[in-house]
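So the structure is just underneath, and the comments pick up after that.
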Amino acid sequence: MTYEHITVEPIAGACGAEIGGVDLSQDLDDATFGEIKQAFVDNQVIFFRDQTLTEDQHKDFGKRFGTLNIHPRYVPLEGHPEIFPIRKDPEDSRIVGDSWHHDLTHLPEPPLGAILYGLDVPPVGGDTMFASQYLAYETLSDGLKETLESLKGVHDNRIQAPNVTTARNDERTSKLREGDNSEEPECEHPVVITHPESGRKALYVNKIRTHRFAGMTEEESRPLLDYLCEHAIKPEFTCRFRWRKGSIAFWDNRCVMHKALNDYPGHKRYMNRVTVNGTRPV
Ligand code: SIN
């Protein structure tokens, strides 16, 4: 693919590219937007540097890709229900998203992707890792691929359930809503999904929300699930993004997992996240 309106520089062999020549605070013409969308589909996660966005501009960029998600559990940014503030203060011991995961896969229609904007980042550390689930799938044996075709994963949101809320909130500045006992039912998704735009197959299980295969117990499912979740994050499937103030990462939740690194004790890291709704994985 050649680009005329933006520059696209891959940052790793597996996934991830830095996009240049664009100011996301401006209304993007259709040609530039089309190239950004193509770069997103081709690279699985894209990055922008040196952006200055208001909350509304951040949301407007997200809305070019679809409707915006309101996080089912986290307290939103005041006045902006569609913005999920990801905050770590120097005294916090916990952060948001420090295990490998896809976002919100317990929902029938998990997000298409999320756009994370760095407001205040530590001098060093706090990078975000991404892992290509296309490569995770493509490197499995034909025998295992065939077995997985018939399996569905059962996803739930026990990691953010009301019974863990208070303990988490004590250790972290990003807060889950206390006293929220709303039900979040389990949801089944195929273990291998086909990306609606690229047509490529991707592995679609993650350790924090997939706890069994449909029709099996957790104990029965565990060995294969553990194998898949470990395989899915091999270093050669990953890229690592080093943040600067004003950087943006936009990941495709249908084909990458991500993980935030908690390696900056005593420092602050403030990000705003806008999440774009997706469709039912098939
Ligand atoms: C997340 O959205 O899971 C957190 C990502 C990050 O803070 O780098």
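The model shown is predicted, which means the values in this text are computed figures rather than measured ones. Counting convention: from 1, in listed order, for ligands and their atoms alike.
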Against ligand 1, does H101 come closer than 4.0 Å with any heavy atom?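 Distance cut 4.0 Å: H101 passes for ligand 1.
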Using heavy atoms and a 4.0 Å limit, tell me yes or no: is W251 in contact with ligand 1?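 The answer is yes, since W251 has a heavy atom less than 4.0 Å from ligand 1.
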Would you confirm whether the ring centroid of Y117 sits within less than 6.0 angstrom of the ring centroid of F61?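 Ring centroids of F61 and Y117 are no less than 6.0 Å from each other.
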Within the 6.0 Å centroid threshold, strictly below: F33 and H5: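 Not close enough - the centres of the two rings lie 6.0 Å or further apart.
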Any idea which atoms of ligand 1 are less than 4.0 Å away from a heavy-atom of G97?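 Atoms satisfying the 4.0 Å criterion: 3 (O).
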Check ligand 1 against A260 and write out every atom of the ligand that is under 4.0 Å from a heavy-atom position of the residue.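 Within the 4.0 Å cut-off of A260, ligand 1 contributes 5 (C), 6 (C), 7 (O), 8 (O).
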Can an N or O of W243 be found at a distance shorter than 3.5 Å from an N or O of ligand 1?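 There is no such contact.
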Salt bridge check: are R64 and D30 linked by an N-O gap of less than 4.0 Å?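 Yes, this pair counts.
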Do NZ/NE/NH1/NH2 and the carboxylate oxygens of E218 and R158 come within less than 4.0 Å?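 Answer for the salt bridge query: yes.
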What is the nearest protein non-hydrogen atom to [atom], stated with its residue, atom name and distance?
atom: atom 5 (C) of ligand 1; answer: L116 CD2, 3.8 Å
atom: atom 2 (O) of ligand 1; answer: R273 NH1, 2.8 Å
atom: atom 1 (C) of ligand 1; answer: H258 NE2, 3.6 Å
atom: atom 7 (O) of ligand 1; answer: R269 NH1, 2.8 Å
atom: atom 8 (O) of ligand 1; answer: T128 OG1, 2.6 Å

Is the count of non-hydrogen atoms from other residues, nucleotides or ligands lying under 6.0 Å from [X] atom [atom1] greater than 12?
X: E146; atom1: CD; answer: no
X: K152; atom1: NZ; answer: no
X: E4; atom1: CD; answer: no
X: K37; atom1: NZ; answer: no

Could you tell me whether M271 approaches ligand 1 through its side chain, its backbone, both or neither, with non-hydrogen atoms closer than 4.0 Å?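 None of M271 does.
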